[in-house]
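Positions are given from 1 along the sequence. When a ligand or atom number is given, it counts from 1 through the structure's own listing order. Just so you know, these numbers come straight off a predicted model, no measurement behind them.
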Amino acid sequence: MEQYPIVWTLYFLILIQSILQIDTSRPPLRPNKLVSYSLPQKRALKKALGINEDVYLNFTELTAKYNYPTEVHTVTTADGYILKVFRILSKCSETDKQYPVLLLHGIFDTTDLWVVPGTRNGLGYVLADNCYDVWAANHRGNYYSRKHVKLDPDEDQEYWNFTFDEHGNYDLPTCMDYVLRSTGHSKLFFVGHSQGTTDYFVLTSMQPEYNDKVRLAAMLGPVAWMKNLRHPIARIGAQHYMAIKAFSENAGISEILGREHLVHFFLEFICGLVPSFCDIGLSLSTGYKPGSIPLKDISVAVAHELSGTSVKNLAHFSQLILSGRFQRYDEGSEGNLELYGTRKPPQYNVSQITSPILLITAQNDLLSTLKDIDILAPKLPNLVENYVVPEPYWSHHNHLWDLKAPELVFSKILEYFNKYKD
Ligand SMILES: *[C@@H]1O[C@H](CO)[C@@H](O)[C@H](O)[C@H]1NC(C)=O
Ligand SMILES: *[C@@H]1O[C@H](CO)[C@@H](O)[C@H](O)[C@H]1NC(C)=O
Ligand SMILES: *[C@@H]1O[C@H](CO)[C@@H](O)[C@H](O)[C@H]1NC(C)=O
């Protein structure tokens, strides 16, 4: 990475810009939202520039294009967040074979994660081809789920008062119950990537009754303990999170790197026009060996990245990195006393997770390191396997987008799903 000083500089500029939260789609609401473009304008421009349309098509447009009939569902959590859940219908006609699978994406991501590499490498498609009834959830605050019964994400800071703790305690159980109700099944399979696995660990340790609703959970690039995080930017960010958070609060900023912000806009254009730039971008953001994912796929995939989260969520992850504990949000000792009855925030008790867990981990993952997995794995009472992908270069997104993912990762998931059907 040292050989890319210009990219590093750009990267920091982009981060600073995103902290300033320049909005690219809506008219300026607050003084800090400086630039405004409309989505249709962008599309016409992109078409005119000859950008591959997969770069900017949304989930339902992509699945329609590739002939995978998809339903759009809307669920509302107990605390009023309105979430979009997509269902890719199984390719099998016999209904008795169609076991439901719920997919949950990671931070700054959306359901697009599961379909952007196309029909051969998109896990959403592969599961549907293998008879599964595929449900893909979007957690609160992302591009598809930026809605609330009362709160306005553009006006009400309160909307952004959440972390992965709320994803786990509200979003995930609401989606699970919805899928089970809709399909008439009593259990489902789960696949999480990155923060999607964190959300799952939170839910099943805090509301252990949800373990009984899961046949098996496959965890790609799992994140719980973050003591040994190797990612330089994330670590620097964590060290300064108090200052960043205070600055953001002062400026009235609660959302970071949203889909409508300028960074995403640039990313889409750059990935569409100069795919090799996205290659480098991915290697900086999650650690990845350039060249291991086809450039065409990477430009489509990375162009769909960056879908906002809350500043508070980043603060919560920063606390995990700094404390070396997998714990609830730290409000400071007085806040903690009031909220939890203890001065230190309680740790998530992963010993409560009785559902079968398959960990899928990578040797070169800067975010989900093998050292941190070594803290988590022995604590899980029903770990079926800690599978380390046998490729030294493998990192956070290779699980999904690497040309060898079907052979090295998906076959593993399908093998375990088959075993746990009854
Ligand atoms: C995808 O884009 C199309 C066209 O803009 C729109 O009609 C559709 O509602 C979008 N789908 C979702 C799930 O946002
Ligand atoms: C944010 O939510 C927490 C509970 O999760 C609550 O204690 C706190 O008062 C809320 N803060 C604001 C500003 O609404
Ligand atoms: C965590 O859960 C395990 C298993 O249910 C239990 O034995 C243990 O006491 C719990 N630990 C804490 C700190 O609550």
Could you list the atoms of ligand 1 found under 4.0 angstrom from a heavy atom of N58? 1 (C), 2 (O), 3 (C), 8 (C), 10 (C), 11 (N), 12 (C), 14 (O)
Only heavy atoms of Q352, strictly under 4.0 Å: list the atoms of ligand 3 that pass. 2 (O), 5 (O)
I want to know whether F189 and Y416 have ring centres closer than 6.0 Å. no
State the atoms of ligand 1, each with its element, that fall below the 4.0 Å cut-off from a heavy-atom position in F86. 13 (C)
What about Y170 and Y81, are their ring centers closer than 6.0 Å? no
Sequence neighbours left out, what pairs pass disulfide bond (SG atoms under 2.5 Å apart) with at least one residue falling in residues 306-337? none
Could you tell me whether Y144 and ligand 1 have an N or O pair separated by under 3.5 Å? no
Sequence neighbours excluded, which residues qualify as ring pair (Phe, Tyr, Trp, His ring centres under 6.0 Å) partners of Y68? Y125
S351, any N or O under 3.5 Å of ligand 3 N or O: no
Is the F417 to Y132 ring centre distance short of 6.0 Å? yes
So for atom NZ, which belongs to K227, do other residues, nucleotides or ligands contribute more than 12 heavy atoms lying within a distance under 6.0 Å? no
Qualifying salt bridge (Lys or Arg N to Asp or Glu O under 4.0 Å) pairs, either residue in residues 338-362, two or more places apart: none
If you count only heavy atoms, which residues are under 4.0 Å from ligand 2? E158, N161, E166, K312, L339
Short N-O contact, D156 and K150, less than 4.0 angstrom: no
If we ignore hydrogens and angles and just use 3.5 Å, is the side chain of E166 paired with the main-chain N or O of T163 as donor and acceptor? yes
Does V72 come within less than 4.0 angstrom of ligand 1, counting non-hydrogen atoms of the residue? no
